[in-house]
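Residue numbers run from 1 in the order of the sequence given.
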Amino acid sequence: MSKIQLLDQNTINQIAAGEVIDRPASIVKELLENAIDAGANMVTVEIRDGGTSLIRITDNGCGIEKDDIKVAFLRHSTSKIKTALDLLTVSSLGFRGEALSSIASVCQVELITKTKEDVTGIRYKIEGGKEVLSEEIGAPEGTTFIVRNIFFNTPARRKFLKTPQTETGYISDIIEKIALSHPDISIHFISNGQTKIHTAGNGNLKDVIYSIYGKSVTDHLIEVHKENDFMKMDGFIGKAIVSRGNRNCETYFINGRYIKSNIINKSIEDGYKFILMQHKYPFCVLNFELPSELLDVNVHPAKMELRFRKAESIYPWIMETIHDALIEKPNIIPMEEEQETVKTEKISVPEPFELERKEQQKEIINRQITYQPKPMAQVIKEETAPVKQIQRPFETPKSETAEPALKSVVKEEAVQQKLQDVYDSFLTEPAKPRHKLVGQVFDTYWIIEYDNKMYIIDQHAAHEKVMFEKFMDKLKKKEVHTQMINPPIILSLSMGEAELIKRYLDKFLEIGFEIEAFGGDDFAVRGIPSDLYSLNSEEVLMEIIDHLSEESGRMVPDMLTDKIASMSCKAAVKGNNLLTPAEMDALVDQLLQLENPYNCPHGRPTIIAMSKYELDKKFKRIV
């Protein structure tokens with residue numbers, strides 16, 4: 001065993017830095033939080049090359065006292081707490097006393113700061129934990145941190161950084177969260193000389209949401225204000241139309257701090273359950289205020305999780321508040337008792353989906369009217385008429401010796417039918433003329449009789465598979481056509497979403513979307529896949545972008561296939577839609593051309609079959 005020895009201070013600092021600083025976004029987070037804690041109401045964040053070569057953060061806060069500058073770069077130095085008991089009531093963002101020490105141990109750091117009381121400012125440089133320069137200079141009130149060459153002295157860790165675009169996305173996400181939690185602070189984010197985010201700092205949260213997510217989201221927000229004896233909730237929740245395919249837009253804060261909580265996630269999502277489809281997640285920006293004694297503060301620098309001491313009460317309250325806010329209540333104006341009651345005629349206005357349902361019911365009633373029932377006398381006459389004997393298949397003249405033989409033949413036939421592949425001959429050109437289209441049930445399933453079997457086709461699953469295979473075949477042959485649209489669809493995206501669009505622009509073109517920059521983080525969609533013209537193209541594109549944000553840096557084929565399946569599903573004819581026999585016949589013709597027509601892209605069956613023997617058994621015709 002090797003001899004145990006103490007590590008030198010420089011190595012200790014670099015190890016500690018690994019717990020706090022893992023990428024440029026960590027540096028931006030720590031320094032931005034320090035600026036806010038210093039009382040700044042204007043902060044500018046400027047980066048180059050995803051923050052790997054330069055991070056400059058300037059604020060107009062209170063500055064750092066001259067005597068405190070060197071101490072600030074020591075480990076466990078902080079102005080926020082003095083003892084562990086102070087952690088129970090900590091209200092600032094940065095309180096761990098690790099940030100500056102960790103940043104200085106792996107970067108080249110320059111600090112320029114001046115307090116209100118001082119005549120001149122201080123310029124201080126530290127590289128790899130070692131002081132390089134300290135001098136007085138003229139400077140405005142506040143603090144500027146300039147961080148260069150992250151991990152310059154630990155090249156092994158630098159190799160784990162991703163592309164500048166990806167690192168920029170991480171930084172943008174941090175700045176967006178902090179801007180949303182502090183609408184009273186003007187935050188200006190510049191990347192490679194271009195302004196990406198600029199909030200007004202006027203205290204209006206909706207304005208911040210607009211500057212980050214754009215008009216398409218801001219136009220569909222519901223304001224929430226609610227409090228009880230232990231909790232207060234303020235902010236905005238999105239209507240179902242702005243729901244997303246992942247949780248990236250579920251943003252909430254506890255006492256101004258961005259955190260993650262399974263309890264809050266579940267309570268918000270359960271509040272939306274009655275209006276959102278499966279695998280869709282809500283948009284929200286909410287701030288919760290709780291007494292500090294109800295929080296179990298996790299002081300580990302790499303975590304954003306808090307534990308609640310009243311979790312059983314928090315969950316139902318948040319869920320019910322969200323649910324109630326989403327239900328649009330009528331504006332009821334109370335009438336004074338002495339006022340004359342005005343009688344008004346009550347007009348019943350059907351819901352949008354009711355109109356469609358009523359039209360379908362009307363058509364069904366019209367079809368029923370065309371059916372003329374037989375006169376009762378004719379019915380009685382037919383019932384009392386002698387019954388004509390009908391010889392069924394395999395039926396032989398009844399005799400005591402023939403009956404067991406008949407049962408044996410029928411049973412043998414049944415065994416063979418479950419052994420054979422019942423679908424092999426049904427969807428073939430020779431079989432098509434012998435299909436007997438019986439009809440449609442529940443406006444969803446079609447019944448076709450063929451070869452002593454009953455086939456049931458799910459019209460939605462079948463059409464979905466037809467569209468999917470046609471689209472995939474065109475994609476393989478590079479024959480996907482684009483339908484140009486006018487006016488174009490304008491997408492207002494966050495910075496991270498805009499970077500994804502730029503990165504995968506050729507892939508979007510490959511599947512039929514023609515997209516071009518429209519200024520800032522806005523994009524104009526001028527063309528969409530012609531085969532999917534009936535879709536809500538904006539919704540489909542946002543779903544693809546949501547999925548891309550969860551991928552590890554490339555538009556993988558499996559994800560592309562999954563999205564085409566989803567697009568096909570949305571474009572396919574739905575259940576509860578009336579199809580004509582001619583339309584159904586055309587759908588069967590299309591199924592004949594497919595390589596595998598028996599399952600939809602999601603694995604559900606398109607066709608099921610039941611033999612006449614099975615039906616006879618169910619009706620006890622065969623024992």
Side-chain angles (χ1 to χ4, degrees), residues 7-34 45-57 73 75 94 96 98-110 126-130 145-178 189-192 196 246-248 258-260 298-305 494-500 502-504 545-556 558-559:
L7 297 174
D8 61 81
Q9 191 59 42
N10 185 50
T11 305
I12 292 171
N13 288 343
Q14 289 187 15
I15 293 172
E19 299 177 357
V20 182
I21 308 302
D22 58 349
R23 59 181 1 105
S26 306
I27 296 174
V28 172
K29 176 181 181 295
E30 297 291 348
L31 296 182
L32 192 50
E33 288 180 346
N34 282 350
V45 180
E46 184 178 358
I47 66 169
R48 282 206 301 263
D49 303 322
T52 56
S53 59
L54 173 72
I55 298 172
R56 181 188 286 115
I57 298 183
F73 285 93
R75 289 192 66 198
R96 301 181 187 100
E98 294 280 355
L100 295 184
S101 172
S102 297
I103 295 168
S105 67
V106 292
C107 305
Q108 297 169 337
V109 180
E110 181 177 346
I126 183 170
E127 298 179 0
K130 296 179 180 179
F145 274 98
I146 303 170
V147 181
R148 295 183 176 91
N149 300 326
I150 184 173
F151 301 141
F152 78 101
N153 54 353
T154 52
R157 291 178 60 191
R158 191 180 178 93
K159 290 178 182 178
F160 284 94
L161 296 179
K162 298 187 177 179
T163 64
Q165 294 85 353
T166 301
E167 295 297 338
T168 299
Y170 292 137
I171 292 172
S172 174
D173 186 60
I174 290 290
I175 294 173
E176 287 172 7
K177 298 294 191 295
I178 292 178
F189 175 40
I190 304 168
S191 174
N192 295 334
K196 298 298 184 179
N246 56 36
R247 291 191 175 95
N248 287 354
Y258 175 64
I259 60 103
K260 292 179 180 178
N298 189 331
V299 298
H300 193 284
K303 294 184 179 179
M304 294 180 291
E305 297 180 2
S494 67
M495 182 184 164
E497 292 168 339
E499 289 296 333
L500 287 170
K502 292 175 188 174
R503 191 185 313 168
Y504 298 111
I545 292 168
D546 288 340
H547 277 255
L548 283 173
S549 67
E550 296 177 336
E551 294 298 326
S552 57
R554 56 197 177 97
M555 199 171 192
V556 293
D558 287 346
M559 195 281 290

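Between S494 and E176 the shortest heavy-atom distance is CB-OE2, 3.7 Å. Nearest heavy-atom pair across R148 and L54 is CG-CD1, 4.1 Å. Here the closest non-hydrogen pair linking G51 and I150 is O-CG2, 4.3 Å. The nearest pair of heavy atoms linking I27 to C107 is CD1-SG, 3.7 Å. The two residues I126 and A104 come nearest to each other via the heavy atoms CG2-CB, 3.8 Å. Of all heavy-atom pairs between R48 and S53, the closest is O-OG, 3.3 Å.
Two residues are said to be in side-chain contact when any heavy atoms from C-beta on lie closer than 4.5 Å; L161 and P24 meet this criterion. By the 4.5 Å heavy-atom criterion applied to side chains, N34 and F145 are not counted as neighbours. Counting heavy atoms from C-beta on, the side chains of T52 and P164 never come closer than 4.5 Å. Looking at L31 and L100, their side chains come closer than 4.5 Å, going by heavy atoms from C-beta outward. Annotation: side chain of I190 is not in contact with side chain of R56 (no heavy-atom distance under 4.5 Å). Side-chain contact between F73 and I103: absent, with no pair of heavy atoms (C-beta onward) separated by less than 4.5 Å.
The distance from the NZ atom of K29 to the OH atom of Y258 is 11.0 Å, given to the nearest 0.5 Å. Atom-to-atom distance recorded for F160:CZ and T154:OG1 is 11.5 Å, nearest 0.5 angstrom. Atoms CD1 and NZ, from I175 and K196 in turn, are 12.0 Å apart once rounded to the nearest 0.5 Å. Annotation: the span from R157 atom CZ to R23 atom CZ amounts to 11.0 Å, rounded to 0.5 Å. Put simply, OG on S105 and CD on E127 are 13.0 Å apart, with the number rounded to the nearest 0.5 Å. Remark: R503 CZ to T163 OG1 distance equals 5.0 Å, nearest 0.5 Å.
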